[in-house]
Amino acid sequence: MDTTERPLRPLNVLRRRQLAVLAWVYFVFIGLATVILGTFAIAFAASLKDNPLENPFRFIFPQITPSVWITAADLGRQGAADPWWGGFAPGGELVFSLTYAAPAGVDLVTPEVEVPRRKPGSGLAAAITTTFASDYALVELTGTSDRFFVNADMETGQETRWLARTFDYKISYEAQDDKGVRVERLPFTALAPRTQTLLEATLPVTRMERRGRVASWNNIAPGALGLILNSYRRVINETVDLSTGDRLIFKWMGNSFQIAVGRVVLMIVLSSLAGYALARLRFRGVRLVFVLVIFSMTVPVQVTFISNYLVVRDLGLLNSNWSVIMVMIASVHVLLMKQYFESFPREIEEAAMVGGANRFQIFLHIVLPNAKPALIINAIMAFQGAWNDFFWPFVLVTNPPSALAMPVGLLSLRESYGGGQGDWSLVLAGAFISIVPVLIMFVLFQNYIVNNQVSEGIK
Amino acid sequence: MKKAGINHDTLTGWLFLAPFLVSLSVFFLWAIMRTAWFSLTDYDLFRTPNFIGLENYARLVSDDLFLTALRNSISFATIVTAIQTVLALLLAVLVNSAARAKGLVRTVFYFPSIMSSAAMTLIFLWLFQRQGLMTSIAGNVANLRWIILSFFALVAVVQVVQVTLARRKYAEVSLFDPFFLILSAGVGAAGAVFIRINGWLPVYEEQFLISWLNTKEVFLFMPRTLWSVALMNIFTTVPTLMLLFLAGLQSIPSSLYDAAKMDGATSIQSFFSVTLPSLTPVTFAVVTLGLIGTLQMFDQVAILGAAAPLESRITLAYYTYYNTFPPGGSPNIGMASAAALTLGLLTLVIVFLQRQFGIKERIG
Amino acid sequence: MLKSIQGRLLLASAFALGAASLAQAQTVRVSGFGGSDPAVVNGLLNDVLADEIAALGIEVEYAPTDGDYSQFILNALSADTAPDLFYTDIFWSRSIFTPGQAAPVDNPELAAALLPSLVDAFTYEGQLYSVAKDFNTLAVHFDKDAFDDAGVDYLDENDTWDSFQEKLASVQGSLEDVYGVCVVPDYARFAAFALATGWKPFNDEGKTVLDDDFKRAFSFYTGLIDAGAGVLAADIGEGWTGGCLGSGKAAVAMEGAWIIGYLKDAAPSMEYGTTLIPSDPETGNRGNLIFTVGWTVNANSDVKDAAAKLVDLLTSEKAQQWVLEQGLALPSRSALADNAFLMGDSKEQIANRMVFRGASEGHVEPYFFGDLGGAWLEPVNSALNAVLLGESDVETALSEAQAQYDALQAN
């Protein structure tokens, strides 16, 4: 080869080569990580927006703008003495200003402002909202101030004099016979002719209605978190069970948790016993069972779903968490436990056997305590699998809404908010809330998961 | 004595296996047998089933929706498995020389795989809205295509110049030298911005609207809807699979590579003669699991729901469900069972075929 | 011998007593859709009708279902865990009626009080199985501000397809940021045009034939976009025509009374008007669909009588008057047709009035496709989708759809 004929490489060139390879490795790592995390980061940012489908996509919006957080906190403090979650409570008094502008010479009209009687969102929220800020709010114009400025036309560059007039409003809480309640939101609208434009307002306007005539705010006393996490608060508070008032998201989490724990317990019993038998005991039929285990890992759940559905139905267990727990086939775990037990040294067991213990005693007192690492890994896998399982809960649990498991609950969120009504922020918020428990588990047991790559790859 | 031991083991063995076997018999063996029986009847969940022979299978073969589902399932499984395996392997080889991926990096790579398919599909459903973020990214790329091309051209030119100059001093400078590449990328970016500002190359302002999901277009044997789902699947699985391959790569003894080098193999040759054969067990696992997983694809189809036409998203797994609980119609358990069995058989055949003719598990 | 007979008698009377005491507090389990519907039913059960229900000695357990309601009901019926009283959408009513899961309605007075078309809709083989609780039809809702700003006359009852398209095109032409109407690939909207031509989803032999009349309507509807009078809803990020109107992206929507609640939420300040669906210039007729949902008593329920009484209450004049005033659904009783509330002048009242009138103007068909259920919709909807997305032309799409209908209806 010609390399041999070249001059000897200086040491630093070799070093440079190694560095170059390393640099490439990190390029790839960082690139991949950016793609993965970037997707989630953008989706998360979108879940904070009022309208995640807005086009063009803004990367800067009120919910992630610190100066707006401060304003929101101030308004929350004024409205309900709560800078975090805001609201409108007895004693609340807000100062809110609007600045309208028009070319000099055009009449600047005082806008018609109002705290409208408005139900938040569509769907269930309409049913559960019983208090309205409009019943308590008194709006007064406290003053106006004018200033002139020069406005350059974007296209022609022609400069004109404009008049900007700021209207200051005081919105105070008027409790009738001292029985005021705290209202979560304080909506606000301002109607003005299209000849004048809304230049700025204390809080950025939520949307313009009536083709620019009406400026509309969903909540002018949001508080900092009430502004940032509005869609999270809404998805938690607005999906409730009407008869019990329970928050469905937590119900769904509870169900998924029960299913996951139930499956983990069932899996541990089935797979440790069966895995031990397959690994240690030599008996007729063991080969057949092993083939069956492998076979059952290959057959899709759809093949067994009709019969299993009927079994559950005939037992009267449809719509219960038990149904989802019991249809699990633990074959993968049996196999993994078998592999673990095979690597377990025989000598300890044999010593116990000489001591007169029977197989089950040995299993319970010696083998099982020593199998903790394998059991934990299997438990994590089973938990994660059960938490994320969609098919069985989808088929077996359909009613009432509070009985659903988290993934199916997410689907019902999509049906309620992701379709015609287009409240995608609620759907995304629900999706992110659903990840939290698995994420916590992942962080806690990271080493177990990561060290067990082969089994992890099975899903 | 020994014989008695065996007998004893037999009893204990079956006792130990009993709980698992009960679950397996009721929810697996009996279930398969019942599905087979239902596939020969006209069962509708309410009335007693009547035996109708192979009629359901005859109706399956003449049902366009079934044939679409079959084609979708097969193409989805093969395409996704192929792409995700190759991509994961390539990425693993690329980063192999680093020490094992540790800590934060690994956590990041696992992140997509711990998410539920429901949450993941919802996020992608949002990304793939006709007017959504994916469309705007694609639209920007298309509108700025000349600028982007000029960026790559500039990077290539600057890189070649740098490498040629460097090679005068010492011979072994790779064309892809990363340190030169950083500089080239910087120059390329600055140049592209300069070109954009001066308006030397056209920038289009077309409004792009791309139906990622709601479309009946077919691209390379598979509806575009399923390509979008495939993109999501690959996004979810590749990082994890890459880590699997990485673990496999790092267990290859370096002596093998040294031996290959002694024989004068280039790095590409040693990839084929050393790396690939050593990775066979991992590849076998990845391909088998990938095929089984993708053939069963159901969650994404169900969650897409009305966001895409039925024939663009239906798979065999969903076809089974669709016939069991048809929207606004009576359950057709016979057809559903026949389709389910077809899916089961298809899975077995494909796994068997890949075992026979594809990558084999190394014994021992 | 005698003793044992006595014993049996004793036992029987004990059972009878037990049954009687059970009747004292009968629990009727009720189920319905999710969404905003629970607000209405809850209001009826807990406020409006609370006293009457208590007087009947009935306790109501109400559990609405989000998600796929028809799947839930089918599941529950097959599992015998179904509620005693549940909604049946006319759309999939046959899958409940055919296997005998619905108890017949034996209440001629109630049947006579309902709008005849709604009684027909729920009649299967000569027997009424569900009591329509409300109904909806399509109407045209328009944003008055958009028409004012464009200087175009409002839509009105005299509009034909031609003038409708013309007005929409002028609105879209003179306003930069507003489209005429959102077009959706959905028979549930397109039918308003198809039916106007005199075409019927099933001909006398029960077959679906996409004839020239159908094609004329199909071309008009899918041509609205090219005529500059509309836009595909998905192209502006919306899923339904109401969403386009509510977000101000389109000046017109074709929806039922369900849009009222949505607009209250999404565009509370909007000044909108409502008129009837435009008529076909050739036949001079309008077309429309009737959407209706009925209360069905579970045939296997232990408390059928109590459930039937509850249906009487839930569809009573008092109940329907209240529901109507909530602006959420139209009454199924003909007596409420010229109700004072329907004659009012607020935008919600006008919308309700127009939707109510829609049921008796021109060719009106229920949103119902016999035993085929939702399968009937697939061919027509995918033909609409393919043409609207530009993936197919009218001829090809219709011949494909026709072939699919022929296959569907072959046996």
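Proteins come first, then strands; the chains are lettered A, B, ... in the order of their sequence lines, and each starts at number 1.
Contact tally against chain A (heavy-atom pairs below 4.5 Å) for V351(B), T342(B), L29(B), L348(B): the top residue is L348(B). The candidate from L278(A), V269(A), V299(A), V395(A) with the greatest count of non-hydrogen atom pairs under 4.5 Å with chain B is V299(A). For the set T298(A), V408(A), V293(A), the entry with the most heavy-atom pairs within less than 4.5 Å of chain B is T298(A). Put simply, of F57(A), W24(A), F432(A), the one with the most heavy-atom pairs under 4.5 Å next to chain B is W24(A). Options V28(A), L310(A), V438(A), V334(A) differ in how many heavy-atom pairs under 4.5 Å they form with chain B, and the most are formed by L310(A).
Using a 4.5 Å cut-off between heavy atoms, V286(A) does not touch chain B at all. Both the backbone and the side chain of L122(B) come within contact range of chain A, with heavy atoms under 4.5 Å apart. For L410(A), the parts sitting under 4.5 Å from any heavy atom of chain B are the backbone and the side chain alike. Contacts between L316(B) and chain A at a heavy-atom distance below 4.5 Å are absent for every atom of the residue. With a 4.5 Å cut-off on non-hydrogen atoms, F40(A) touches chain B through its side chain but not through its backbone. For M328(A), the part lying under 4.5 angstrom from a heavy atom of chain B is the backbone only. Interface residue Q296(B): backbone and side-chain heavy atoms are both found under 4.5 Å from chain A. For a residue to count as touching a neighbouring chain, one of its non-hydrogen atoms must lie under 4.5 Å from one of that chain's; by this rule L181(B) touches chain A with the side chain only. Heavy-atom distances place both the backbone and the side chain of I123(B) under 4.5 Å from chain A. No part of L345(B) comes within reach of chain A, as not one of its non-hydrogen atoms sits under 4.5 angstrom from that chain. With a 4.5 Å cut-off on non-hydrogen atoms, I306(A) touches chain B through its side chain but not through its backbone. There is no contact between Y318(B) and chain A, counting heavy-atom distances below 4.5 Å.
Contact check for F27(B) versus T304(A): no side-chain heavy atoms found under the 4.5 Å cut-off. Looking only at side-chain heavy atoms (C-beta outward), F298(B) and F305(A) stay at 4.5 Å or farther from each other. Considering only heavy atoms from C-beta on, L295(B) stays 4.5 Å or farther from P300(A) through its side chain.
The distance from atom CD1 of I303(B) to atom CZ of R414(A), rounded to the nearest 0.5 Å, is 9.0 Å. Separation of atoms CG (L292(A)) and CG (L21(B)) is listed at 7.5 Å; rounding is to 0.5 Å. Between atom OH of residue Y309(A) and atom OH of residue Y321(B) there is a gap of 9.5 Å, rounded to the nearest 0.5 Å. Note that the CG atom of L273(A) and the CZ atom of F20(B) stand 11.5 Å from one another [nearest 0.5 Å].
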Is there a side-chain contact (heavy atoms from CB on, under 4.5 Å) between M115(B) and N388(A) once you walk through the steps? CA-CA 7 Å; M115(B) 300 221 6; N388(A) 292 343; 5.9 Å; no

Please lay out, stage by stage, how L53(A) and W126(B) fare under the test side-chain contact (heavy atoms from CB on, under 4.5 Å). CA-CA 8 Å; L53(A) 287 181; W126(B) 166 76; 3.8 Å; yes

Decide yes or no on side-chain contact (heavy atoms from CB on, under 4.5 Å) for F360(A) and T12(B), but give the supporting numbers first. CA-CA 8 Å; F360(A) 189 71; T12(B) 335; over 6 Å; no

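Taking the six-membered ring for Trp, F16(B) and F363(A) have ring centres closer than 6.0 Å.
Taking each heavy atom of A340(B) and Q302(A) in turn, the nearest pair found is CB-O, 3.5 Å. Here the shortest heavy-atom pairing between S117(B) and F390(A) reads OG-CB, 4.2 Å.
Residues passing the side chain to side chain contact (heavy atoms under 4.5 Å, CB included) test with D177(B) are R16(A), A20(A), Q159(B), V173(B), F179(B), F180(B), sequence neighbours excluded. Take Q84(B) and apply the side chain to side chain donor-acceptor pair (under 3.5 Å) test, not counting sequence neighbours, and it matches T237(B).
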